[in-house]
Amino acid sequence: MHKFDWREVERDEYSRSEEPSFVKLTTRSYITAMGVAPDRVTDQAFTSLAAAVTQIAERISEGPDAGIDIPNFKAYHPYPLQAVWSGGDKISKRHIFRLWLKQPLFIHEDQFEAALTQLHFEPAIAQQLHLEQLAEGFEIQSFNSTPLTDEAPAIARIQTVINRDHLVPKFDDRHREVYLEGYQGEVPVLYRVSLDENFGEVGDEQVAYN
């Protein structure tokens, strides 16, 4: 069976290029969870919730094969996990995380609840999992071949474009990480910074929309 694959269809949105690019992402459904992780991606507070969010997304994607009724279901590969990190002016100081994992348009609360019921998470985990309508908004992104640190090359690349094109970040204490190859170990990260659309000049042809 052919499966929709974001890695093929949405390459601009989930870029693996070091060259900074722009995305504008409208409101969609996301599985979410929040927490605090002093050790960031290696912290158990992060990894336990990341595992749960990933697991429920995988179960939903099984659809009818898992006994989950999904009207207009089309087979697909689950989207990658993301995390918005906040709480400081540097990567190393941002310990508050919010996990996001995008769902196809045909996934709704009923399917989320069905998968959650099947998986029997511990109550402390289950009560932190939600399905929310969120918009990622307008962001600049750059691929980093290793986990992010304060000295990550992607940070400098994005800052160079922000300065050159007179762009203005919406926040100075947060960023988004998209885990294109999982979130554990020495894995690459797609680094994103949210921008204020009222500043700078970015042509429509430079932006990936979804």
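Position 1 is the first residue of the sequence; numbering continues from there.
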Phe46 ring center within less than 6.0 Å of Trp85 ring center: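 Yes.
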Pair His175 and Tyr191, ring centroids less than 6.0 Å apart: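 Judged by ring-centre distance (under 6.0 Å), His175 and Tyr191 do meet the cut-off.
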Looking only at side-chain N and O atoms, does [Y] offer a donor or acceptor that is under 3.5 Å from a partner on [X]?
| X | Y | result |
| --- | --- | --- |
| Gln103 | Arg28 | no |
| Gln133 | Tyr30 | no |
| Asp173 | Ser86 | no |
| Glu132 | Thr32 | yes |
| Gln206 | Ser21 | no |

Phe112 vs Ile107, side chain to side chain contact (heavy atoms under 4.5 Å, CB included): CA-CA, chis, key distance, verdict: CA-CA 8 Å; Phe112 170 77; Ile107 300 301; 5.6 Å; no
Please report the interatomic distance [atom1]([X]) to [atom2]([Y]), rounded to the nearest 0.5 Å.
| X | Y | atom1 | atom2 | answer |
| --- | --- | --- | --- | --- |
| Leu116 | His130 | CG | NE2 | 10.0 Å |
| Arg157 | Asn144 | CZ | CG | 6.0 Å |
| Ser61 | Ile56 | OG | CD1 | 11.5 Å |
| Ser145 | Glu18 | OG | CD | 6.5 Å |
| Tyr76 | Ile60 | OH | CD1 | 6.0 Å |
| Tyr183 | Leu99 | OH | CG | 9.0 Å |

Main-chain N/O of Asp12 paired to Ser15 side chain as donor or acceptor, under 3.5 Å: no
Backbone of Ser92 reached by a side-chain donor or acceptor of Asp150 within 3.5 Å: yes
Minimum heavy-atom distance Val187-Gly182, with the two atoms named: CG2-O, 3.3 Å
Shortest non-hydrogen contact between Pro147 and Gly185, atoms and distance: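 Heavy-atom minimum between the residues: CG-O, 3.6 Å.
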Find out if a path of hydrophobic residues (ILVMFWY) with successive side-chain heavy-atom gaps under 4.5 Å connects [X] to [Y].
| X | Y | value |
| --- | --- | --- |
| Val207 | Tyr14 | yes |
| Leu81 | Leu190 | yes |
| Met34 | Leu129 | no |
| Val53 | Val84 | no |
| Leu131 | Leu25 | no |

Stepwise side chain to side chain contact (heavy atoms under 4.5 Å, CB included) test for Val41 and Phe97: CA-CA 10 Å; Val41 295; Phe97 66 88; over 6 Å; no
Can you check whether [X] reaches [Y] side chain to side chain, under 4.5 Å on heavy atoms?
| X | Y | result |
| --- | --- | --- |
| Phe106 | Pro71 | no |
| Phe138 | Ser194 | no |
| Trp6 | Pro80 | yes |
| Ser48 | Ile125 | yes |
| Val161 | Leu167 | yes |
| Gln141 | Val193 | no |
| Gln118 | Ile68 | yes |

Charged N-O contact under 4.0 Å between Arg7 and Asp5: yes
Ion pair Glu139/Lys170, N-O distance below 4.0 Å: no
Pair listing, salt bridge (Lys or Arg N to Asp or Glu O under 4.0 Å) test, anchored in residues 64-74, at least two apart: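 Every pair satisfying salt bridge (Lys or Arg N to Asp or Glu O under 4.0 Å) with a residue in residues 64-74: there are none.
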Asn72 atom CG, over 12 foreign heavy atoms within 6.0 Å: no
More than 12 heavy atoms from other groups under 6.0 Å of CD on Gln44: no
For Gln82, the option from Lys102, Glu177, Glu136 that meets side chain to side chain donor-acceptor pair (under 3.5 Å): Glu136
Worked check of side chain to side chain contact (heavy atoms under 4.5 Å, CB included) between Phe4 and Glu10: CA-CA 10 Å; Phe4 174 87; Glu10 300 178 0; 3.5 Å; yes
Verdict with supporting geometry, Lys24 and Asn210, side chain to side chain contact (heavy atoms under 4.5 Å, CB included): CA-CA 7 Å; Lys24 188 173 183 180; Asn210 197 339; over 6 Å; no
